[in-house]
Structure formats: C-alpha cells, structure tokens
Amino acid sequence: MDLISILIDNREIQIPRGITVLEAAESLDIKIPALCVSPGWGTSGFCRSCVVEVEGEDYLPIACSLPVQEGMIIKTNSPRVLESRRLTVELLLARHTMDCAICYRNGKCSLQDLANTYGIKESRFFTREKPLEIDDKSPAIVHNPNRCILCGLCVQACCDIQTVSVIDFAHRGFDRMVEPAFGQSLDEVECVACGQCIQICPVESFYEKSEIDKVREALRDPHKEVVAFLSPSVPISIGEEFGTEPGKSLSGEVIKALKMAGFKKVFDTALGADLVIMEEAYELLTRWNSGKNLPLITSCSPEWVKFIEHFYPELLPHLCSTKSPQQIMGTLAKTYFAESTEIDLKNLFTVSITPCTAEKFERTRPELNIQGFPGVDACLTIKEVARLIRMTVGDSFPDVGTEEFDQPFEVSSGAGVIFGATGGVMEGVLRTLYELKVGKKLKSVVFENIREEVRTSYSGGLREVEVQMGNGTLQVAVVHGLGNARRILEALRSGKSRYHFIEVKGCPNGCAQGGGQPIPATLEVIQARKRGLYLEDEKREIRKAHENPRIKELYEKFFKKPASPTARKFLHTEFTPREHYL
Amino acid sequence: MKTLTDKCCSKCWDSELQRCPVFTECQPQRPLPHCHTDEACIRQREEVMNRLRYGAGTLIRVGMGTCSQQAGASSVLGAIFIELQRRNLSHVSLSITGCLGNCFQEVVVSISHPKYPTVVYAQVSEDKVPYLISEHIEKKRIARELVLAQLEEPGKKPLGHVPAFKNLDFFRKQIRRVSERCGHMDPESLDDFLLHGGFLGLSKAIREVKPPDMLKLLKESKLKGRGGSGEDVADKWAHVAAADGEEKYVICNAHEGDPASFKDRRLLESDPLGVIEAMTLAGYTVGAGKGVIFLNPEYELAKKRLELAITKARAFNYLGKEILGSNFSFDIEIRLSPGDYLSGEETSLVTFLEGKAGVRRVPPPLTSHGLWNLPTLIHNVETFLNIPLLVVKGVDWFREQGTGNSPGTRCWTLSGCLQRRGTVEVPIGVSIQDLLDMGGGAPPGKKIKAVHVGGYVGGYLPEGLFQTPSDDASMKKSGISSGIGSLVALEETTCMVHKTWQDALFTAKEECGQCTPGREGSYQISRFLEKICQGRGVRSDLQKLKEIASHMREASMCTYGRLSPGLIASSLEYFHAEYEEHLQKHCPAGVCFK
C-alpha cells in the first residue's frame with residue numbers, strides 16, 4: 001500500500017494515501033468533534049466543528065473532508081482551533097431552541113456534548129426572532145426545525161441512502177432549513193416514514209410522533225382491556241435505554257413492566273411472523289409451481305410497502321399480499337381473541353411495540369380496519385416504551401423480575417423471532433418451504449449464506465443466493481435499505497430480474513436499525529442487536545413456523561389451512577397505487 | 001467582394017471544406033504577398049475597408065451599450081436616422097458601437113471621415129441631433145456644444161481647438177488593452193472585428209504555438225485572475241491541461257454579481273467576439289471541446305450580441321468542428337445564471353449548471369472534477385480577454401504594465417460620489433487616489449470620506465489610505481480584497497456604521513447558508529450592527545463583531561464566507577471612532593437615530 005507520513009500534534013504516523021485527516025487522527029486516538037459526520041454515512045462538511053490547523057494554510061480546513069498529503073503538519077487542538085470550534089458551537093446554540101429538558105436526546109446529544117466540552121455557559125448571540133413551525137401532521141414523524149443545526153445528514157439519509165428524496169435544503173442564508181418541497185408537510189409528500197432521518201440526526205430535529213399519551217389514557221380507562229404485542233427486536237434493544245449491554249434480551253422484564261404499567265395481556269408478535277411465514281411459503285410455492293408473477297416480494301416492512309406504492313405501483317402484483325406481523329396480531333386480537341374472550345371490540349385497545357416508525361403510519365391505513373376499528377390502536381417505538389416503563393418502574397427496570405407471554409399467543413418459533421434481521425424472513429420462509437416442497441426434514445435450519453453482515457448504509461445491502469430444493473433451484477435475493485430496493489425494482493422493471501423470491505427490509509440493516517430504535521447506535525450496537533435475535537432463535541426448541549403448536553391450532557380452529565379463503569380474508573390485505581409527486 | 005470575408009479573386013482557394021491557414025491574417029491585409037499581389041484585389045479590399053470605416057462617405061457611430069441605452073441612445077440613433085433621411089444625406093451612414101467607458105457622458109456619438117480625424121461627441125440627446133447633423137455634416141464644422149475630443153489617427157492632420165481623446169482627464173492615465181476595441185468597433189460585425197485585429201491570437205496559436213508552449217507563455221506572463229480571487233492563471237490552465245477526462249470544459253464567468261460593477265458587461269457588449277476568441281484559445285490550450293458562457297440574466301443586450309457573435313464565429317469556422325483547418329474542435333453555449341450574488345462563486349456556478357441549487361460544494365478542485373465531474377477551467381470575462389493579446393503581442397509587451405508580481409492592466413468600475421463615473425482600464429497597482437482622480441474627485445461642494453472597494457468581498461478604506469496601490473497584494477495588506485474591481489466613493493454624509501449594516505444585510509441574505517460560520521456569522525453581524533444603529537449597542541458588541549469576523553475568515557467553507565467579513569473588519573478598524581460615537585447614541589453623519 002502507498003504510505004505517506006504526516007505529523008499530527010507532533011506525532012508522526014505512516015498512513016495510506018486517500019484517507020482524511022479525521023480518520024488519520026482517529027487512528028491515533030485523537031478525538032476531533034464532528035457534528036455532521038456519521039460513521040460510514042459520509043459527510044457534508046457544513047458544520048465546521050472539525051476544523052484543524054494545517055501548516056502553510058491561512059484558514060482552518062476541516063478534517064472530515066481534507067485528504068492527507070505527504071508531509072502535512074497538523075494541529076488538532078491549538079488555541080486557534082479550539083477558539084474556532086467554540087465559536088462554531090456557540091453560533092449553533094444561538095439558533096437552537098435549548099429545550100433540552102424535554103428532549104429525548106438530553107444527555108446523548110452531540111451538540112450538548114460539544115457545548116459542555118467547550119465550556120459554553122451562556123449564549124452571547126442573538127437567538128431566532130420567532131420560532132419556526134413544527135411539522136407534526138404526519139402520523140409517524142415530527143420535524144422540529146428549531147432544533148436543526150443544518151448538518152445535512154438527514155438529507156443524505158433521505159435522498160442518497162433511502163432515495164425517497166422528500167426532504168432537502170430550502171432557502172438561503174439564515175433562512176436555510178430542511179423541509180419537503182415548497183414547504184409542504186411530511187404528510188403531504190411521499191415520505192415513507194422509515195425514520196432514518198431520526199436515526200442519523202445528531203440532535204433531535206426529527207422524532208417519532210409520540211402515542212404514549214393515547215396509550216396512557218387507555219390504561220387509565222377502567223373499561224378498556226389494553227393488550228400489547230411485543231416485537232422480538234424490542235426486548236433486545238430496550239436495555240440500551242437502561243444501560244445494559246446491547247444485544248441482551250430482556251423479554252420477561254418487559255412483559256412484567258408492561259403488566260405493572262396496566263397492560264392486561266402481552267402477546268408475542270413473533271407468532272404473527274410465524275403466520276406470515278406460513279402464508280408466504282404457500283404463496284411462493286404456488287407461484288413457483290405456476291411460474292406466474294415471479295418474483296414474489298415480501299411485504300412485512302411497512303415503509304417498503306409505501307415506497308413501492310408511490311414509486312413502482314405497476315410492480316404491486318409482485319408483492320406478497322400477507323399483512324405485516326403486527327397487523328396480523330391486531331387481526332388475531334380483534335377477531336379470534338375478542339370472540340373467544342367475549343370482549344366488546346370498542347373496549348379492546350391494542351398497542352403494537354416495535355422498532356419501527358412506519359408502523360405508526362401503517363396502522364392508519366383504512367383497509368386494515370376490522371369491523372370499523374383499527375387493528376392496532378396505538379404503536380409505540382422502543383424509545384417510547386422505554387419512557388413508559390421508566391415512568392412506571394424507574395431505572396430499576398432490568399431487575400424488575402420476569403413474566404411470560406400471555407395465552408393464547410405466547411408461543412413462537414425461532415423463524416418468527418429472526419424476522420426482524422436482514423435475511424430473517426427469507427430464512428424463516430425457507431425453513432418451511434423446504435419441508436413443504438421436498439417433504440423431508442431439514443438437516444440444519446440455519447441458512448448461513450443468506451445472513452447479511454451489518455454494514456454501513458452506503459455499502460452493499462444486496463445479497464443473492466441460490467438455494468437447492470429437491471430437484472429445483474430457488475433464486476433468492478435479500479435486500480435492505482430502500483436505495484438498494486430501488487435498484488432491484490429497476491432491474492425488475494427492465495426485465496433483468498431472475499429471482500423467485502426477494503426479501504426487502506426498508507431500513508438499512510433491517511429492523512436492527514429501524515427508525516424507532518434507541519439512539520445513538522453505532523455499527524457495533526446494531527451488530528449486537530442482530531446477534532441477539534439469532535441467539536434467541538438458537539435458544540428455541542421450535543425453530544420452524546409450521547411446527548409451532550399455536551399456529552397448527554389456529555389453522556385447525558380458525559383459518560382451516562394456509563391460503564384458504566378464511567386465511568385470505570383475515571391474513572391478507574391489498575395495496576393501493578399512490579401518487580408520485582415529481 | 002462585399003465583405004472582408006468574401007474571396008478577392010479565384011486565386012483564393014479558401015473554402016468551407018478546406019480553410020486557408022492564414023485566412024484570419026489575410027482579412028485586413030488581403031491579399032498576402034506570398035499568395036498573390038493583384039492590384040485589383042488590393043483595390044477591392046481597400047473599398048471594403050473604407051466602407052467599414054467611413055460608410056458611404058461619412059460614418060456616424062452611436063455608442064449602444066446598456067448604459068448608453070439608459071441615457072437614451074436608442075432615441076438618439078432613431079433621431080439621427082430620421083434626420084439623415086429628412087436632409088437627404090445619402091453619403092452619411094449610420095452604425096453602432098460599444099462603450100468607451102465614460103458612462104457619465106452618454107450618449108456618445110462619433111463621426112468618422114476619410115480625411116479628418118474622428119470626432120467624438122458626448123452627452124448627445126435626441127433634441128440636439130438636428131444641431132449636430134447640421135453643424136458637423138452640413139456646415140462641415142465642429143458642433144462646439146457637444147464636442148468631446150478627436151481621435152488620433154495616422155496620416156490625418158489633427159483638427160484645431162478640439163482636445164485629443166487620449167489627453168482627456170478620464171482617459172489620460174488609462175492603458176486600454178482588453179477594452180481597446182470597446183467603443184471603436186461595431187460589436188455586431190465580424191468584419192469590423194477582423195479589421196481590429198480579431199482572431200489573430202487564435203489563428204497564430206493554432207498555426208504556431210503548441211498547447212505546451214501556450215502554458216509556458218502564460219507561466220512567463222504571470223497573469224493573475226481578474227475575478228477577485230487573483231489565482232495564478234498558468235497554474236489553473238496547467239492543471240486542467242494535465243487532468244484526465246473524456247471531455248473538458250471552459251467556462252466564462254460572466255455573472256458579475258457585484259451590484260457596483262459593470263466592467264464585464266461593458267466588455268461583453270462591446271467586444272463579444274473577443275470573448276469567444278479568448279475562450280476558444282483556452283479550449284485549444286487545455287484540450288477542452290465545450291465552452292459555456294455563464295451570463296447574468298440581466299445582461300440581455302450582451303446575450304443578444306453573444307448569440308450573434310457565436311453564429312458568426314461558427315459560420316467562419318472559428319467555432320465548431322476542426323477550427324481553422326486544425327484538428328481542434330470547440331463550441332460555446334450561453335447559460336443564464338440565476339441572478340443572485342453567490343452563483344458567481346465558481347463551485348456554486350458549476351453546481352447550478354448541473355441543475356442543482358447554486359451553492360458551494362466541497363473539494364476536489366474544479367480543475368480536475370468540475371462540471372459533470374470533468375476537468376473545468378473557469379475564468380472571469382476580463383481574464384480571458386488578456387489571452388489573445390498575450391499571444392499576439394508577447395510576454396514582454398504584456399509585462400510592461402502592472403507590478404512585478406501581477407503584470408498587466410485591470411478594469412475598474414468607478415461609481416458613487418464622483419464627477420466622472422464609468423469603467424476604466426488602468427495598469428495594475430495604481431493607487432486608489434489615482435482612480436479617484438480619474439473619476440474627477442467629488443462633485444463641487446462635496447467631499448469623499450472613504451471608498452468601498454471590491455463590493456461584498458472587499459472593504460472600506462479611509463481617506464488616509466487612498467495612496468494604497470490597488471493591486472491584490474497591497475489590498476490584502478490593508479485587510480481587504482479588491483474583488484471584481486469596483487470602487488464606490490463614499491460622500492462625507494455617509495454613516496459608516498449604517499452603510500456597513502446595510503451591506504451586512506445584503507451579505508447575510510446572499511449567503512448560501514451551508515456552513516455554520518458563513519450562515520450564522522453573517523446573520524449575527526447584521527443583528528449586532530442593527531443593534532448599534534438603533535442605539536442599543538454596548539462596547540462588548542464591538543468585541544463580538546471582531547470575534548465573529550475573524551472566525552468567518554478562518555473557518556468558512558468558501559471564498560465568499562472568508563472574504564465578506566472584510567467589510568465589517570475594515571469598517572471597525574478604520575472607522576472605530578464612529579462606532580464609539582454610536583455607542584453614545586450619536587451619529588456623526590446624522591443618518592441614524594432619527
């Protein structure tokens with residue numbers, strides 16, 4: 001490799017050509033603050049908090065986008081540099097709302113950290129003359145431009161990574177802000193509510209629309225039977241909010257805490273995922289045998305469904321018509337469970353707890369209503385449910401004790417558990433499909449080659465695998481991140497696709513990097529969350545959806561058999577082409 | 001032979017299919033001795049040239065630039081036409097020309113005759129036209145009321161009692177190089193351009209100077225960019241020439257966003273073909289195939305003339321495929337800028353041309369990754385116009401003027417509290433006082449207290465610093481940039497604090513808003529100045545202003561962000577007393593606190 005030598009803070013190092021000064025400093029454990037850099041996501045170079053002094057330059061270049069050059073002499077903490085950084089932070093704070101007391105990011109905010117580091121006690125500058133309007137019309141995502149520091153990372157996430165491109169910079173000078181075109185609300189544009197803007201924001205300019213108040217109101221109501229569905233990802237990430245090790249499952253603790261908060265029942269959403277696997281496996285088998293409407297594309301990621309409705313409506317027939325796991329849970333609760341326990345639907349309040357922000361939008365879809373009631377009445381993200389739990393049991397949550405899921409939806413298979421991992425739906429479906437198609441037991445349930453590595457959102461995100469099934473070969477693809485999904489759809493549209501089955505997760509790295517996951521999440525944390533899911537799978541005795549006794553029972557008692565008319569009526573939905581504005 | 005470009009006789013073998021290599025040189029001297037020496041051809045050519053110079057006997061040229069049109073040049077042109085018809089003066093022809101630069105004396109009319117020196121009349125209005133025609137044309141005497149000067153022309157005896165053009169106060173110290181043709185030539189005529197030495201540089205380069213030698217020539221000339229940044233032209237060209245790319249671009253930055261500058265407009269309007277020649281020459285040197293003129297949308301006249309010039313240049317193979325019979329191809333298109341201030345910054349210009357918002361983008365440099373990520377050469381209009389001159393007249397001639405480090409001439413726009421406003425071309429390094437003298441100083445009864453140099457990337461200089469040379473290096477020592485070359489003389493009644501506030505408001509509004517120091521810094525500066533101008537200022541505000549200005553200079557993303565605090569910094573430094581008085585709620589100029 002081509003090595004060059006540079007001098008950083010009087011320490012000489014040999015480093016490869018082409019890397020930035022910021023990366024070079026990191027390799028020496030020299031910390032340079034960088035508000036608009038998110039590892040692996042690229043940088044805009046706007047914030048100027050990473051300025052350094054380079055000998056021979058009369059201005060201060062920024063470390064994040066300055067490539068190293070032979071013989072460079074760099075100072076990262078000279079008085080001149082520190083003074084410049086301090087002013088940058090002070091200027092940013094002047095336009096910031098300073099509502100830290102009510103901000104989720106309080107204590108884990110990049111701007112707050114810098115303000116403390118540089119000892120800023122008061123703002124000596126002019127603040128905004130009047131606050132900007134907060135956009136809270138979308139059912140899923142709120143945008144508060146008053147907190148924005150204009151780093152542009154959300155624009156990168158929306159336009160470059162997710163290719164949804166509903167937000168960008170508007171206006172110039174001090175009026176510059178991030179917003180959808182022509183100052184519209186996120187509700188009025190093609191926003192798919194993936195929440196990647198929330199995840200990448202260094203402050204909290206974007207956040208989920210909270211439904212905690214709605215849930216608390218239902219919990220206070222003595223006539224309401226409040227029921228929760230818990231996604232397998234939730235117990236794995238929630239500990240991060242309470243300082244436990246990332247990836248460690250706190251399933252029993254969450255159930256116990258929810259019960260203490262007043263939930264009557266807590267069901268396992270992985271059971272819903274098992275049903276999705278059953279339906280999808282049958283649908284895939286039918287299409288594979290007939291060769292019609294291939295490839296089949298999964299539909300369990302709500303933001304992905306909205307994406308294809310907006311941008312590729314003509315490809316909707318490829319989408320599997322099965323509802324998403326939480327909507328299946330909603331349906332089960334409001335039909336099977338309500339009937340068997342004789343609860344009036346108007347007194348049954350269902351809460352889905354997920355790592356997803358798009359589900360907040362999904363639950364408002366009218367086609368998912370059951371007898372006039374929404375299948376899911378409220379949707380809480382992990383961040384929100386952590387707040388609810390903290391309200392109830394305080395910081396002692398990890399030691400609160402455990403409880404089991406409630407009947408009749410308490411048993412799930414490992415296949416349902418790994419649903420949230422990239423490649424998880426695929427693996428779950430293959431475990432069932434193989435035995436359906438070949439008629440023999442799988443030797444090993446693990447399909448190692450479809451398990452995707454956790455990676456930065458700019459790299460990869462598409463995995464193609466051939467799976468041998470008896471005398472047939474199934475061509476499958478696992479894709480995550482909507483930008484990657486768009487590439488797959490472009491290939492499909494131009495007739496170049498040769499797949500039978502495609503799994504799509506709207507968020508990069510799947511649900512482990514979902515819009516409702518705790519912040520901040522480094523790649524290591526995301527990796528731990530994903531590993532946590534696979535560990536749960538390994539612990540299960542039942543690892544295939546069709547072997548789940550509850551699933552067998554549900555089909556026997558209620559749905560007859562997979563893909564039957566009853567199953568179609570309750571477990572499937574339809575999609576609507578949506579407007580594409582540009 | 002009706003025009004210069006027509007064949008003189010059948011011995012001329014030049015055709016569209018095969019260009020004669022010395023086609024350009026032949027035009028004004030046809031036929032060249034090594035080709036043939038027919039008397040008839042020489043006679044024909046003389047006739048055409050006489051027609052160009054003197055029309056049907058006498059030629060009246062009306063200066064038609066934007067400034068002259070604002071002064072009523074179109075009406076004057078119409079009135080002259082009608083007057084000539086009415087008096088049945090068929091031996092008098094009428095034509096247009098560009099702008100001499102003396103905008104305060106518009107409308108300028110010059111009358112040429114084969115026997116007498118050309119007489120220039122100034123401040124001609126519609127109602128004075130009958131007088132002018134009757135005196136000069138019919139009575140054959142100078143129209144005393146309107147006369148400005150006579151041009152010095154070889155072989156003609158100067159007229160008595162008419163001042164020589166070059167001795168006029170406004171022109172005496174000027175060295176007209178890039179603006180030499182302005183106001184003396186019909187900007188819409190290819191013939192007139194060729195007659196004035198047009199395309200000689202391009203033709204010479206293509207025949208004799210290989211691109212590496214062109215780069216060497218530039219290196220020796222030490223030519224600096226005239227657009228404000230003062231970059232080394234030779235370096236920039238060498239980078240573009242060395243860069244790899246399936247296509248390369250040459251962009252002429254004719255955005256001229258500084259509201260106090262119009263010297264580029266004048267050059268574009270008066271010498272459009274000159275710009276095209278220079279860009280083509282640049283394309284030839286760096287190996288570019290495409291040129292773009294990034295034009296201020298308000299410059300409608302310039303656009304019209306450039307379009308015409310491009311059409312004419314294409315027709316005679318100065319643009320298009322295989323230029324002048326070489327294997328070099330180049331073409332130019334005109335693109336209108338969005339008309340704001342910042343799009344003139346070159347990276348913003350490129351992002352705008354790519355269809356995005358015209359805002360600054362981060363490195364790599366444009367010379368390797370410019371428009372569409374391909375190597376791109378961007379210069380200001382004036383910088384380009386120096387190139388053909390350099391090729392034709394050589395390095396030694398070029399370096400006769402200017403300073404050792406920055407040779408040549410520079411155009412300035414003079415405005416504000418001056419008796420003579422307009423654009424001038426002077427050797428680099430003349431003092432601010434020289435420029436003010438050219439402008440005639442303040443009108444009677446008024447006094448100049450300061451100058452605003454370089455627009456929104458420049459700064460203010462007090463009277464005590466008027467002896468400062470105007471070259472970039474000296475300006476930088478005074479803490480400001482000369483920008484695109486605009487000088488506004490500020491009257492004694494100007495409140496410097498208020499003036500700085502107003503300019504800071506513009507600066508803050510025109511900031512792209514990308515980087516923190518630029519966006520927030522310029523906003524805070526305008527707010528603090530507002531506070532001081534409204535009598536709420538405290539002493540610590542001055543300290544904060546200094547702090548923010550130096551922060552912007554050090555940490556902003558682009559040149560604009562780094563240079564625009566020069567306004568506040570120079571204002572604070574040189575007019576500190578006025579700030580102190582404002583803190584005591586007293587405005588010495590009587591502008592604030594009314």
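Chain naming here is simple, since letters A, B, ... match the order of the sequence lines and numbering starts at 1 in each.
Below 30°, between 30° and 60°, or above 60°: for A:Phe206 and A:His143 the angle between ring planes is below 30°, a parallel geometry.
With a 4.5 Å cut-off on non-hydrogen atoms, A:Glu57 does not touch chain B at all. Only the backbone of B:Ser556 has a heavy atom closer than 4.5 Å to any heavy atom of chain A. The part of B:Lys509 that comes within reach of chain A is its backbone (N, CA, C, O), which places non-hydrogen atoms under 4.5 angstrom from that chain. At a 4.5 Å heavy-atom cutoff, the contact between B:Arg562 and chain A is made by side-chain atoms alone. Contact of A:Arg172 with chain B is made through backbone and side chain together, with heavy-atom distances under 4.5 Å. Using a 4.5 Å cut-off between heavy atoms, A:Leu35 does not touch chain B at all.
A cation-pi arrangement is absent between A:Arg86 and A:Tyr118 under the rule of less than 6.0 angstrom and at most 45 degrees off the ring axis.
Side chain of B:Thr347 to backbone of B:Glu345: no donor-acceptor contact under 3.5 angstrom is found.
Residue B:His551 comes nearest to A:Ser84 through the heavy atom pair CE1-O, 3.0 Å, listed as atom of the first residue, atom of the second, then distance.
Note on B:Arg536 versus B:Asp541: no salt bridge recorded, every NZ/NE/NH1/NH2 to OD/OE distance being 4.0 Å or above. Salt bridge annotation for B:Asp472-B:Lys224: absent, with no cationic side-chain nitrogen under 4.0 angstrom from a carboxylate oxygen. The pair B:Asp503-B:Lys499 meets the salt-bridge criterion, with a side-chain N (NZ, NE, NH1 or NH2) lying under 4.0 Å from an Asp/Glu carboxylate O.
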Please report the C-alpha distance between B:Lys544 and A:Glu90 in whole Å, then the side-chain angles of each, then the deciding distance to 0.1 Å, and finally whether the salt bridge (charged side-chain N to carboxylate O under 4.0 Å, His left out) criterion is met.
-> CA-CA 12 Å; B:Lys544 285 179 204 163; A:Glu90 205 178 339; over 6 Å; no
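Residue with the most contacts toward chain A among B:Glu547, B:Met557, B:Arg553, B:Arg527: B:Arg527 (heavy-atom pairs, distance under 4.5 Å). In terms of non-hydrogen atom pairs under 4.5 Å with chain A, the most contact-rich of B:Ala555, B:Ala508, B:Cys512, B:Cys515 is B:Cys512.
Interface residues of residues 125-133 of chain A toward chain B, defined by a heavy-atom distance below 4.5 Å and sorted by number: A:Phe125, A:Phe126, A:Thr127, A:Glu129.
A donor and an acceptor atom, one from each side chain of A:Asn106 and A:Gln112, are located under 3.5 Å apart.
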